[in-house]
Colleague: 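I have a structure I would like to understand better, so I am pasting it below and will then ask my questions one at a time.
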Amino acid sequence: MTSVNAPKKTIAFAAPLLGEEEYAAADAVLRSGWIASGPNVLALEAELSTYFGGRPTRVLTSETAALEVALQVLGIGAGDEVLIGAQTFFSSGNMVEKVGAKSVFVDVDLKSRNIDLADAERRVTPRTKAIIPTHYAGLACDMDALYAFSKKHNLRVIEDAALAVGSRWKGVPIGAFGDIALFSFHPNKNITTIEGGALVCNDVADAKRVEVLRFHGISRLPDQTRDVDFPGGKFNMSDVSAAIGRAQLKKLDAFCSHRRALAGHYLAHLATFLPAELLPHAGHVGHETGHSWNLFAIRLPLTRLKYARPQIMDAMKARGVATSVSYESPHLTSLFRKQGWKAGDLPNTELIADTTLTLPLHAGLTTEDVNFVCDSLAAVLRDAQ
Ligand SMILES: *Cc1c(COP(=O)(O)O)cnc(C)c1O
């Protein structure tokens, strides 16, 4: 071989951004002799609590674990119904089913992709106990309307804020007010603990219950033996993860402002060849900076193209750009089709699921990378005309 191909540029759709601080923190914990839950878990919980306005905060092995525990803390089970904003990941429906309750999916607004409270209103019954809205892509739900709705119907709120670490509503961090808020620290989220999640609540008694439920349901008796009154899980975070999370938390605001700058660049560039209604919503008028932009998901003009989405994704991949689908319609999975959910039940959710494409967005990207993604997409869409 005499010729060598130039290395092809490849851009991941999501990636953690770890540095010397995280490596040093993990190294120190590994050498300390205390690597499971310990002082770093307590310190991370205290630091997160400060970030969330002093509210009681506990960390777990994932947000999915936090969802299961939150439902258990609220005593939700057989005979109860839970409203779920359908533009979300599979975990909400899974955990509602796992505790024995019924998942009632709610359609979303086409522009914000957040829960449509008018549709939620139609689905409330006397058995409805809670609502799980997702702050899609990092854009806060309309919190005034959400909490007015939950108050009117006497519902507990479990905010799925997996995508909203660092997001704000009217300047206040998501998680710093409201009912229960859950966060994910999966590597694709705004900060990472490798795997991990957090549960923020209003009540120290609830936080104590979370501690029991995340660790086998064990409580300690005065005679130094242990008791179990509920079959708890095993969801405690390791100190290695917590130490990484503490280093990441210090960088959260910088990560979010970089993500916002990249998203702004995407919006300006994509507007030159895509209609506005296919671009993600930048935020509520007056407080645009509240969006933390965990995901940047456009909709494809598929009816005007000769290629379907898998071919578009393959063509992007061939140009070195990874893309993803965030998310499929949860009510149309086999699990929920068996319960009678069918295509047509949630028109906006389904239209989004059928046409959405998540473009790369993470704290390690540059504006040149964003230009490269946009130019690649423009070329792929031109070929697909
Ligand atoms: C990532 C994600 C979850 C699950 O988080 P884990 O920490 O991986 O369990 C739940 N909901 C949404 C919207 C997510 O994006």
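In each ligand, atom 1 is the first atom listed, and ligand 1 is the first ligand listed.
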Colleague: List below, pair by pair, the N or O atoms of ligand 1 and of the protein that are less than 3.5 Å apart, including the distance to 0.1 Å; reply 'none' if no pair qualifies.
Modeller:
{"residue": "ligand 1", "atom": "5 (O)", "partner": "Ser184", "partner atom": "OG", "Å": "3.3"}
{"residue": "ligand 1", "atom": "7 (O)", "partner": "Glu63", "partner atom": "N", "Å": "2.8"}
{"residue": "ligand 1", "atom": "7 (O)", "partner": "Ser184", "partner atom": "OG", "Å": "2.7"}
{"residue": "ligand 1", "atom": "9 (O)", "partner": "Glu63", "partner atom": "N", "Å": "3.3"}
{"residue": "ligand 1", "atom": "9 (O)", "partner": "Thr64", "partner atom": "N", "Å": "2.9"}
{"residue": "ligand 1", "atom": "9 (O)", "partner": "Thr64", "partner atom": "OG1", "Å": "2.5"}
{"residue": "ligand 1", "atom": "11 (N)", "partner": "Asp160", "partner atom": "OD1", "Å": "3.3"}
{"residue": "ligand 1", "atom": "11 (N)", "partner": "Asp160", "partner atom": "OD2", "Å": "2.8"}
{"residue": "ligand 1", "atom": "15 (O)", "partner": "Lys189", "partner atom": "NZ", "Å": "3.0"}
{"residue": "ligand 1", "atom": "15 (O)", "partner": "Tyr327", "partner atom": "OH", "Å": "2.7"}

Colleague: Kindly list each side-chain donor-acceptor pair under 3.5 angstrom involving residues 377-385, sequence neighbours excluded, with atom names and distances?
Modeller:
{"residue": "Gln385", "atom": "NE2", "partner": "Leu381", "partner atom": "O", "Å": "3.4"}

Colleague: Would you be so kind as to tabulate the donor-acceptor pairs closer than 3.5 Å made by side chains of residues 189-196, with sequence neighbours excluded?
Modeller:
{"residue": "Asn190", "atom": "OD1", "partner": "Arg259", "partner atom": "NE", "Å": "3.1"}
{"residue": "Asn190", "atom": "OD1", "partner": "Asn294", "partner atom": "ND2", "Å": "2.8"}
{"residue": "Asn190", "atom": "ND2", "partner": "Val165", "partner atom": "O", "Å": "2.8"}
{"residue": "Asn190", "atom": "ND2", "partner": "Ser292", "partner atom": "OG", "Å": "3.0"}
{"residue": "Thr192", "atom": "OG1", "partner": "Phe185", "partner atom": "O", "Å": "2.8"}
{"residue": "Thr192", "atom": "OG1", "partner": "Ile194", "partner atom": "N", "Å": "2.9"}
{"residue": "Thr193", "atom": "OG1", "partner": "Glu195", "partner atom": "O", "Å": "2.8"}

Colleague: With a 4.5 Å cut-off on side-chain heavy-atom distances among I, L, V, M, F, W and Y, is there a chain of contacts connecting Val172 to Leu163?
Modeller: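 Result: no, two separate clusters.
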
Colleague: Could you check whether Asn371 and His269, counting side-chain N and O atoms only, form a donor-acceptor pair closer than 3.5 Å?
Modeller: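 Their side chains do contain a donor-acceptor pair, which is all the 3.5 Å distance test asks for.
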
Colleague: Only pairs under 3.5 Å count here: list side-chain donor-acceptor contacts from residues 63-72, not counting sequence neighbours, and write none if there are none.
Modeller:
{"residue": "Glu63", "atom": "OE1", "partner": "Ala162", "partner atom": "N", "Å": "3.2"}
{"residue": "Glu63", "atom": "OE1", "partner": "Ser184", "partner atom": "N", "Å": "3.4"}
{"residue": "Glu68", "atom": "OE1", "partner": "Lys98", "partner atom": "NZ", "Å": "3.1"}

Colleague: Should the pair Glu45-Arg214 be classified as a salt bridge under the 4.0 Å nitrogen-to-oxygen rule?
Modeller: yes

